[in-house]
Student: 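My structure is below; once you've seen it, I'll send some questions.
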Amino acid sequence: MSYLVDIDHATKRFLTSAGTAHTAVQDITLQVTAGEFVAVVGPTGCGKSTTLSLVSGLEPPSEGSVRVNGQPVRGIPSGVGYMFQADAMLPWRTVLANVASGPLWQGKPKEQADALARDWVARVGLAGFEDYYMHQLSGGMRKRVALAQTLVNEPSILLMDEPFSALDVQTRALMQNELLDLWSGTSAAVIFVTHDLEEAITLADRVVVMTASPARIKDTFEVHLERPRNVEEIRMTPEFIAIYREVWSSLSDEVAIARKTGASRVA
Ligand SMILES: Nc1ncnc2c1ncn2[C@@H]1O[C@H](COP(=O)(O)OP(=O)(O)OP(=O)(O)O)[C@@H](O)[C@H]1O
């Protein structure tokens with residue numbers, strides 16, 4: 001089996017301001033294949049984002065290894081796309097120019113980059129808004145631009161760190177449906193970090209539960225809900241509720257530990 005992402009017994013320690021070592025991620029082994037959607041949940045501050053940073057090359061592991069596309073990660077690997085909670089668009093550029101910036105940076109001629117961007121702007125439902133600036137868009141529309149900006153580069157691995165957490169409930173559901181729809185037309189592997197267990201189960205093929213800090217993998221649950229999924233409808237099915245109960249029974253212990261040790265945000 002060839003893995004697009006292969007995290008093998010990876011540990012990450014950071015140096016604290018007091019000069020001591022803080023273990024953020026401990027002995028994590030996680031493999032993801034093409035076309036697989038993996039959600040990672042865990043209590044706040046446990047080390048979920050750090051795990052993504054190991055894959056994106058932003059942080060090297062202190063121990064163990066991380067491979068992307070079979071190659072050890074050194075620097076930022078090609079074929080990896082990111083989407084974070086905060087948008088990465090430039091406010092002085094139009095929607096089209098923001099989406100075209102990736103292909104341009106990859107060396108595509110301007111005409112081709114613009115054509116690709118126009119296509120993706122339409123695919124995310126923003127045809128007609130190509131010349132708008134970010135301040136002229138709603139939060140949901142900005143997320144659509146962010147999706148187009150990421151997917152226009154045709155990443156084989158998509159790293160998503162709470163990308164929809166700032167959105168209201170309805171817009172979030174819209175964007176989740178949009179993501180599933182766009183992703184289903186690709187063979188990209190997705191690692192999606194979220195605090196929202198409902199979101200994790202709705203989207204993923206596999207939900208990975210992390211322990212309270214330092215993050216270790218506690219449990220992994222397969223989600224055998226049929227695709228295509230409608231995120232609002234699927235949540236009311238008995239199958240969804242059953243798996244939610246199962247995952248929550250694992251996650252809730254870790255949330256309790258994290259709360260005891262001072263974290264106030266809930267998973
Ligand atoms: N560059 C860094 N230098 C020092 N410590 C760091 C660094 N990055 C993360 N940490 C620490 O590692 C731990 C895990 O942080 P991380 O952001 O991975 O958690 P998280 O689970 O993503 O948090 P949240 O759920 O709140 O988004 C935290 O204690 C954090 O302070």
Side-chain angles (χ1 to χ4, degrees), residues 5 7-30 32 37-66 68 73-77 80-88 139 143 146 150 157-167 172 175-176 190-204 206-221 247-248 250-267:
V5 177
I7 306 175
D8 188 15
H9 294 287
T11 292
K12 180 67 193 179
R13 290 185 211 94
F14 290 111
L15 198 61
T16 67
S17 48
T20 56
H22 170 71
T23 305
V25 165
Q26 191 168 32
D27 195 20
I28 280 190
T29 293
L30 174 67
V32 189
F37 199 126
V38 175
V40 177
V41 293
T44 185
C46 74
K48 301 181 291 298
S49 301
T50 303
T51 305
L52 287 189
S53 298
L54 296 176
V55 180
S56 68
L58 290 176
E59 297 286 354
S62 312
E63 279 169 39
S65 69
V66 182
V68 165
V73 174
R74 290 196 188 89
I76 296 172
V80 174
Y82 320 85
M83 213 173 141
F84 301 108
Q85 189 176 350
D87 300 332
K143 280 295 163 199
T150 307
I157 298 160
L158 199 48
L159 305 178
M160 308 188 88
D161 197 350
E162 302 192 54
F164 306 140
S165 59
L167 298 175
R172 187 194 275 221
M175 290 310 300
Q176 290 165 345
V190 184
I191 306 181
F192 191 106
V193 162
T194 178
H195 280 93
D196 181 345
L197 182 51
E198 245 190 24
E199 179 172 61
I201 297 169
T202 305
L203 298 175
R206 199 153 40 111
V207 177
V208 173
V209 176
M210 287 188 149
T211 62
S213 179
R216 283 170 281 112
I217 291 181
K218 181 181 184 185
D219 281 313
T220 299
F221 297 87
V247 185
W248 177 244
S250 171
L251 176 59
S252 56
D253 292 343
E254 300 309 315
V255 173
I257 294 169
R259 280 184 188 156
K260 233 187 224 167
T261 51
S264 57
R265 221 165 130 204
V266 293

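In listed order, ligands and their atoms are each counted from 1.
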Student: Quick one: look at Met210 and ligand 1, take heavy-atom pairs under 4.0 Å, and tell me if it's side chain, backbone, both or neither.
Tutor: neither

Student: So for Ser213, does at least one of its heavy atoms come nearer than 4.0 angstrom to any atom of ligand 1?
Tutor: no

Student: Which heavy atom of Gly57 sits nearest a heavy atom of Pro77, and at what distance?
Tutor: N-CD, 4.3 Å

Student: Should Leu15 be counted as touching ligand 1, given the test is an N or O pair under 3.5 Å?
Tutor: no

Student: List every atom of ligand 1 that sits less than 4.0 Å from any heavy atom of Glu162, numbering the atoms from 1 in the order shown and giving each element.
Tutor: 27 (O)

Student: Mind checking the CD1-CG spacing from Ile191 to Asp161? Nearest 0.5 Å is all I need.
Tutor: 11.0 Å

Student: Contact between Ile28 and Met210 at the side-chain level, heavy atoms closer than 4.5 Å - yes or no?
Tutor: yes

Student: Can you list the atoms of ligand 1 that are under 4.0 Å from a heavy atom of Ala24?
Tutor: 12 (O), 13 (C)

Student: Against heavy atoms of Cys46, which atoms of ligand 1 measure under 4.0 Å?
Tutor: 19 (O), 20 (P), 21 (O)

Student: Please check this pair: side chain of Ser62 against backbone of Arg13, looking for a donor-acceptor N/O pair closer than 3.5 Å.
Tutor: yes

Student: Compare His195, His22, Glu59, Gln85 and give the one whose heavy atom is closest to atom 13 (C) of ligand 1.
Tutor: His22

Student: Below 3.5 angstrom, do we get any N/O pair linking Gly45 and ligand 1?
Tutor: yes

Student: side-chain contact (heavy atoms from CB on, under 4.5 Å) with Asp253: which residues, sequence neighbours excluded?
Tutor: Lys218

Student: Using a strict 4.0 Å cut-off to heavy atoms of Thr50, name the atoms of ligand 1 that fall inside it.
Tutor: 9 (C), 14 (C), 15 (O), 16 (P), 18 (O)

Student: Mind checking the OG1-NE2 spacing from Thr44 to His195? Nearest 0.5 Å is all I need.
Tutor: 4.0 Å

Student: Under a 4.5 Å cut-off applied to non-hydrogen side-chain atoms, are Lys12 and Pro61 in contact?
Tutor: no

